[in-house]
Structure formats: structure tokens, C-alpha cells
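First the structure, in the form of C-alpha cells, and then the observations on it.
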Amino acid sequence: MSADRKPDAPILTAAPAPIDVDAPAPLDVEAPASKSLSHRALICAALAKGESRLAGVLESQDTERTMACLTACGAGFARISEGEYLVQGMANGPVGGPIDSTQGGPLNGEAAADLNVGESGTTCRLLAGVVAAGRGAFRIHGEGRMHQRPLGEPARALAPQGVSFRFEQAQGYPPVTIATSGLPGGEVDVRLEESSQYLSGVLLAAPLARGPMTIAISGSKAVSWPYVSLTLQAMADFGAPAVVEVLADGAFAPVDYASVCSAEPGKLRFRVAPARYQPRTLRVEGDWSNASYFLAAGAVGKRPVRVSGLRADSLQGDRAILDILAAMGAQVDWDADGQAVTVSPRPLAGVHVDMGACPDLVPTVAVAACFASSPTTIVNVAHLRIKESDRLEALATEIAKTGCGTEMFADGLTITPAPLKKGQAVEFATRADHRLVMGPALFALAGLAVSFDNPGCVAKSFPGFWGGFAPIIERQGE
């Protein structure tokens, strides 16, 4: 790998692979819209007074939850066509139910704004910050494993701003009622050991504060940093930018947010002035996370796969999938015009990779590792234990069903390949986790008879997955 790799890219080791000049023609796939950017565009448009027009929005269960929650806060959404929406923004930020100023909660007999986030962790964590900048009471609750996923950090970070979080069952976990009179501004700090979305939620809320806000990063480490860059991009796109400052020579100095590839607690902060989000017309770019399954199919199958609709200069951290697959030995080629990228199969070798910045890629890489000739070790992903499932435990258990070796440790796992037996029937338990379907689906390219107990749970983030992936399986022999 080149010495000028961006700091947020994984650390990889692998042997080079020979180039096969006789590769068959690639199979073509269009990347779905970015889920992360769809959430952020919907939120920013909802916070902008006036009408925005969004195109390329990912239509999934998670984004539907975000729109429903924003509607409960006062925004309006009108679907024009697939992925295209008119968004009527809130006049003065989120509006909840009336609050009892003496009790710090909803008035007796009055309902808080009902925010059912379903199983969307992104909706839950982003909106926990956003509604804090509104007025009134908001009740956040969900379904499935959502009430086991932590939400204590926004409560801690926003308590000095006068925001009340009342947890109904376990302290620090939904369901929770948030009562707020808005954010006065000033200094707050956010810990990112569990999720960068806590910070993103506070950032999105900050322009609505009555005074300037300074947001610092505290704690021991910052995970999933590239997603913060996507938040900063969305804020700038809608006219409410944050200023990023880094500590250098004992003083903080502003830098271009796109140049920040990682964050160290205590050495980076954000300054946000009161501002109005501005309505606009915007198209959401393609999703590197969900495209990773097709790109990996090009590496482990018999046919190259060409994926269009992705930006080579994207701030999405999951663009690292190309680096990882190339390090394993796959051939990666961009079209001359940069409009599509092709991944072609080559002999694969194992890698040692830090995936703290791109945890959603772990199921893809863990399954691709089973097609390699040597073990792969994935580290710095302890935060996968609080996803829709304990993804580390789930991957170790499910991959072992194929005969491959798995060893789980505190913040990662090692996969040791074994021969994948054509025709072997394997039923995978999904745990209602969409990525535990889309990743293991790659085993079908080895000839395994793959089935899932809940294949439809891909609708959470990528309803069109099977429509795009099934032809890749069917056309392997062409």
C-alpha cells in the first residue's frame, strides 16, 4: 500500500496477485443511494424553513422511520417518485408536547411527540441530539433490540444545556422522554467510544442553539470518524456549517473538515454559530456500505463486477472496501471517466485490518476472508457488539457453520479459511440484522446452498438487495 494513505484508511498487509488478462466481461450493478447521507439530508431539509427537493434518497425501513419521526416534530414529506421527495421544513425547529417546567417532563395528561425509531439506531442517536434543540417533550422508543442499545451519552453531554432525559426502564437506554426548552449554547463535550452518531446528533442541533456552541471530543477514543465528516458535509450543504479546529502548537486553529481523517479526544473541537438551515435541491450520492457486497462479489466470484454511482472522492469511510479488497489481492479498476469501478477476481490472501473507521464493512470483509488462502484478523471494532445484534459474536458463530475457523476477542475476530464445499447447505440465523444477510449471501458464490431464517430483513437498509444480488449469483457460469 502507498505511504500516502489517508489516516482513516485501514492498515493492511497482503501479497500481490498476478493480473489475469483473460477475465470475462463484468456484471453491471448500480449502487444504491447512501443510507447515511439520506438520513442527514432528510434531517437538514426538515430543519430548513421552506421547501427542499431531495433526489436519490434511499427508501428503506430506516429512512422511513426518520421521516416519520421528523413529521412528528413538525416537518412534512411528499413523495414525488422513487427516491424523490419534497420536504417542508419546520418553521422554528422541532416541536414536541407541552412540558411541566416544574417537573422537567410532559404535562400530566399530555402526550410527548411520539418518535418510534423502530430498529434504526441512526434515527435514534441523531434525533436524540436534534430534538434537544427544539421545544417540548419528545418520547423516543423502538422495536427489536433497540431498547438494549445505549443512549446515555447524549443525556450526559446535554445535561449542562438544561435538557432532561427520563429513561423509563434501564438507565441510559430507550425508551426515553426528552424535555427541552432549546439549547442556550456554550461548551459541551461528547464521548465517542460507542458511536460517532452521538456527536453527529449534537452537531446537527447546534445551529438551532440561541448562542454559539463549542463542542469538544472527550473520552478515550473516537470510533467511526468518517460518519462525522458526512454530517459536516450535510450541514454545509444546507447552509449551517461548523468550523473544525485542531490543536497544534498549544492552540486550536481552523482546518478544512474534509482534511480531517481521524480524531483524538482533546485535540479537536467544533465551533457552531446560530444559523438557519437553508432549503435546497440536492441529490444523494451512492452508498459505499451497501455497494460493498457487490464489490466483494467481484473479488470472490468467477465474474468481475462493475459498480456505477459511487464517488471516488466520497467522504464515506466505507470507500475503504476497495483498499481492503486490493490488499487481499483483488484487481480494482476505475473507468476512465470515474463513473464506475470494477473489481475482478484474483487469488486472495488474508489481511490484518483495523476497521474502527468502517465497522459496517466487517460482515463483508469477514465473509470475503473465507475465500482467502490465509487467515484474516479484524481489530478495533468492539462497537459492533451494540448494533442490531452483537455482530462480532454473530459473525463468529455463523461463519463457523461453513467449516471456516473463527476466533473472537474483545475488539475483533480472526477468520481462518477452510475449503468451502460446493452444494453444502447452510442456514444462517440473521438475528433480524440486515448485514448478517447481505454479507453471508456472498457464500453462494462458492456454490454453497445458502438460506436465511429472515432474508427480508434487508429492507431495513437495502430493500433492493436481492434484486441486484440474485443476477450476480445466476450469471456466474456465463
Side-chain angles (χ1 to χ4, degrees), residues 1 9-10 12 14-32 34 286-312 314 316 318-351 353 355 358 360-373 376 415 417 420 422 435 437-448 450 458 462 464-478:
M1 306 301 291
L12 305 161
I19 296 176
D20 180 2
V21 295
D22 298 320
L27 304 172
D28 286 302
V29 180
E30 177 77 19
S34 167
D287 192 309
W288 280 95
S289 305
N290 283 336
S292 73
Y293 312 110
F294 302 114
L295 296 167
V300 306
K302 298 178 181 178
R303 298 279 301 273
V305 175
R306 178 177 178 270
V307 182
S308 56
L310 296 170
R311 286 180 54 174
S314 175
Q316 295 178 57
D318 289 345
R319 72 186 187 283
I321 187 62
L322 293 185
D323 290 337
I324 297 170
L325 293 175
M328 294 180 77
Q331 182 175 332
V332 176
D333 299 292
W334 280 94
D335 285 7
D337 59 6
Q339 297 301 303
V341 61
T342 301
V343 176
S344 303
R346 298 290 182 270
L348 302 180
V351 294
V353 54
M355 299 186 69
C358 51
D360 284 347
L361 293 180
V362 170
T364 312
V365 174
V367 174
C370 297
F371 291 75
S373 60
T376 288
I415 300 97
L420 298 172
K422 186 175 182 179
R435 301 202 189 278
V437 176
M438 294 185 284
L442 291 163
F443 281 119
L445 298 175
L448 273 64
V450 172
V458 297
F462 190 1
F465 171 74
W466 289 115
F469 196 76
I472 290 177
I473 300 172
E474 295 165 359
R475 297 181 62 188
Q476 284 299 298
E478 293 183 5

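By convention here, the first residue in the shown sequence is residue 1.
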(request) Of all the heavy-atom pairs spanning F371 and L445, show the shortest one and how long it is. (result) CE2-C, 4.4 Å

(message) I need the minimum non-hydrogen distance between T342 and P26, along with the two atoms involved.
(response) CG2-CB, 4.1 Å

(request) Decide yes or no for W288 and L322: does some side-chain heavy atom of the first lie under 4.5 Å from some side-chain heavy atom of the second? (result) yes

(message) For F465 and F469, take the angle between the two ring planes, folded into 0 to 90°, and tell me which bin it lands in: parallel under 30, tilted 30 to 60, perpendicular over 60.
(response) parallel

(request) Output the distance between atom CZ (R319) and atom SG (C358), rounded to the nearest 0.5 Å. (result) 9.5 Å

(request) Could you pull out the closest heavy-atom pair between K302 and Q476, with the gap in Å? (result) N-OE1, 2.5 Å

(request) Looking only at non-hydrogen atoms, find the nearest pair between I473 and A444 and report the distance. (result) CD1-CB, 3.8 Å

(request) Could I get the full list of side chain to side chain contact (heavy atoms under 4.5 Å, CB included) partners for A31, not counting sequence neighbours? (result) A291, V307, L310

(request) Would you mind reporting whether L295 and V332 have side-chain heavy atoms less than 4.5 Å apart? (result) no

(message) Rounded at 0.5 Å granularity, tell me how far CD in E474 sits from CD1 in I472.
(response) 10.5 Å

(message) To the closest 0.5 Å, what do you measure between CG (D318) and CG (L361)?
(response) 3.5 Å

(request) Name all residues meeting the side chain to side chain donor-acceptor pair (under 3.5 Å) criterion together with Q339; count only those two or more places apart in sequence or in a different chain, and write none if there are none. (result) none

(message) The criterion is side chain to side chain contact (heavy atoms under 4.5 Å, CB included); which residues satisfy it with T364, sequence neighbours excluded?
(response) S292, Y293, A296, I321, L442

(message) Are the side chains of T376 and V351 in contact, using a 4.5 Å heavy-atom criterion?
(response) yes

(message) Whether the side chain of Q331 engages the backbone of P304 through a donor-acceptor N/O pair (distance < 3.5 Å, no angle test) should be reported.
(response) no

(message) Please check this pair: side chain of R303 against backbone of A25, looking for a donor-acceptor N/O pair closer than 3.5 Å.
(response) yes

(request) Over all heavy atoms of both residues, which pair between L420 and A446 is shortest? Give the atoms and the distance, please. (result) CD1-CB, 3.7 Å

(request) Return the set of residues passing salt bridge (Lys or Arg N to Asp or Glu O under 4.0 Å) with D333 (not counting sequence neighbours), or none when no residue passes. (result) none

(message) I want to check something: taking the side chain as every heavy atom from C-beta on, are F462 and V437 in contact at a cut-off of under 4.5 Å?
(response) no

(message) List the residues meeting side chain to side chain contact (heavy atoms under 4.5 Å, CB included) with S373, not counting sequence neighbours, and say none if there are none.
(response) A349

(request) For residues V343 and A299, report the shortest heavy-atom separation together with the two atoms involved. (result) CG1-N, 3.7 Å

(request) Output all residues satisfying salt bridge (Lys or Arg N to Asp or Glu O under 4.0 Å) with D360, sequence neighbours left out; order by chain, then residue number. (result) K387, R391, R435

(message) For the backbone of S289 and the side chain of D287, can you confirm whether one donor and one acceptor N or O come within less than 3.5 Å of each other?
(response) yes

